[in-house]
2 protein chains.
Amino acid sequence: MIQKETAKERILRVASQLFYLEGVRAVGIDRIIAESGVAKASFYRNFKTKDELVGAYLNLRNMDSLSGIEATKERYPDEPAKQLYGIIERLVSQMREPGFRGCPFINVLVEFPDSAHENHQEAMQCRVEQEREVALIARQAGARSPEVLAAQLKMLYGGAFIEAYTNKSTLNTEYFYEAAKLLIEAQLPAKPSCIE
Amino acid sequence: MIQKETAKERILRVASQLFYLEGVRAVGIDRIIAESGVAKASFYRNFKTKDELVGAYLNLRNMDSLSGIEATKERYPDEPAKQLYGIIERLVSQMREPGFRGCPFINVLVEFPDSAHENHQEAMQCRVEQEREVALIARQAGARSPEVLAAQLKMLYGGAFIEAYTNKSTLNTEYFYEAAKLLIEAQLPAKPSCIE
DNA sequence: TCCTAGTGGTACAGACCTGTCTCATTCCTA
DNA sequence: TAGGAATGAGACAGGTCTGTACCACTAGGA
């Protein structure tokens, strides 16, 4: 028999969509309850507070991101340079999706400006983990300063996500790709680009 | 006689600080009223709604940004390339200020995800104006594709602001400067960088 | 001195939000 | 089939937020 979706799973799935599309603060518990067809009591049996649900949402998005990076690594085994470009390409295609609404972690960071807030800290942690993964690949690819490259790509991608979110023109994704390429090429052991 | 600060001016000054430091949604009218020592009635006599106050706040910040760019232009007259670097340096020093809390426009964009919302649209407009200014300077500096460079710098700076806001390490501001330099150099008529 | 515009103080309405509680029902398993 | 765990429906409390209404005060000009 096919396992039916539990109330908890349904809540998390619906909340994840709503939080991402409309913002965490803008979406209330009542809305989540209504759209997931769950009773309020069931909600609070599965999640102690709304913040706990937000934590689960962040965790879900983080797993998605990390497994996306993992998939890219497996696609180009032992070719870390290609892995880097693959990650950038994956970001580009994300930005072009219709439901794209920026980086969920940045959004939560801005929605909860208090750096002591648990959601703020969790979102920050997610970004750190991603950066660490990229730095690792950059190191394997022979980047001169892998941490610097990872930090620079993180900045560029953060801003690009905001741009892609507020301006649907695909031009920006191309500009993003070109800029990322420049940053990567400046760090990788040069294929001699001056000779041509 | 020195003109006393009117209630309206006091409200906008206090609100501007609070909105930037703690977020627009997180700061309520009551808080603004209390901290600016104004009566609630006086508030609503000067601003029809909270959204109108947010609009005034965005406008104030936009004036600051644009006049900052203007000042940089006047500092290096007829040297558009230096103007570009000057703008980047100004961003870096902003990021290093203690009260730095990211880009006010990006923050509003994220806090009001509905693209039809007036605050969302106003914030977007502010960013467009800044980008246009930078594109103009890039064109004067002889950039191959001024609009591309302006868009790329906009992305980089947006992400850098988020990074600087969540991570106070000054390292990131250096990485930002280096990355911006790379993007600019790739666009400006080359001082021959292959010969050395 | 009087009058008026701007202001301060505060109570209040109406909406929304989070979280608790009660009770009936359903579903899975033993 | 019987019992227990999970669920659905919804009322309710307590808080916060925006915006309105009412009244008293003050300062400055006629």
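Just so we're clear, the structure is a prediction, and the values are computed from it rather than from any experiment. Proteins come first, then strands; the chains are lettered A, B, ... in the order of their sequence lines, and each starts at number 1.
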Does B:Pro113 offer a backbone N or O that forms a donor-acceptor pair with the side chain of A:Tyr165 under 3.5 Å?
yes
Tell me: CD1 of B:Ile32 to C1' of D:dT16, nearest whole Å?
15 Å
Nucleic acid contacts of residues 105-116 of chain A, taken as heavy-atom distances under 4.0 Å to DNA chain C
none
With side-chain hydrogen bond (donor to acceptor under 3.5 Å, both in side chains) as the test, pick out the partner of B:Thr173 among B:Glu163, B:Lys168, B:Arg96, B:Glu178.
B:Arg96
Establish, yes or no, whether a centroid distance under 6.0 Å links the rings of B:Phe161 and B:Phe100.
yes
Atom CZ of A:Arg25 and atom P of C:dC16: how far apart are they, to the nearest Å?
17 Å
Quick one: does any side-chain atom of B:Glu111 pair with a main-chain N or O of B:Arg25 as donor and acceptor, under 3.5 Å?
yes
When rounded to whole Å, the CD1 to P distance for the pair A:Ile29 and D:dA11 reads 19 Å
Residues from residues 34-58 of chain A lying under 4.0 Å of DNA chain C - heavy atoms
A:Lys40, A:Ala41, A:Tyr44, A:Thr49, A:Lys50
Which pairs count as ring pair (Phe, Tyr, Trp, His ring centres under 6.0 Å) when at least one residue sits in residues 129-156 of chain A, sequence neighbours excluded?
none
Could you check whether B:Arg45 and B:Ser42, counting side-chain N and O atoms only, form a donor-acceptor pair closer than 3.5 Å?
yes
Provide, to the nearest angstrom, the distance between the NZ atom belonging to A:Lys8 and the C1' atom belonging to D:dA5.
16 Å
Measure from CG on B:Asp30 to P on D:dT20 and round the result to the nearest Å.
14 Å
Give a yes or no on whether a salt bridge exists between A:Glu35 and A:Arg31, defined as a side-chain N under 4.0 angstrom from a carboxylate O.
yes
For A:Ile29, is there any backbone N or O sitting under 3.5 Å from a side-chain donor or acceptor partner on A:Lys40?
no
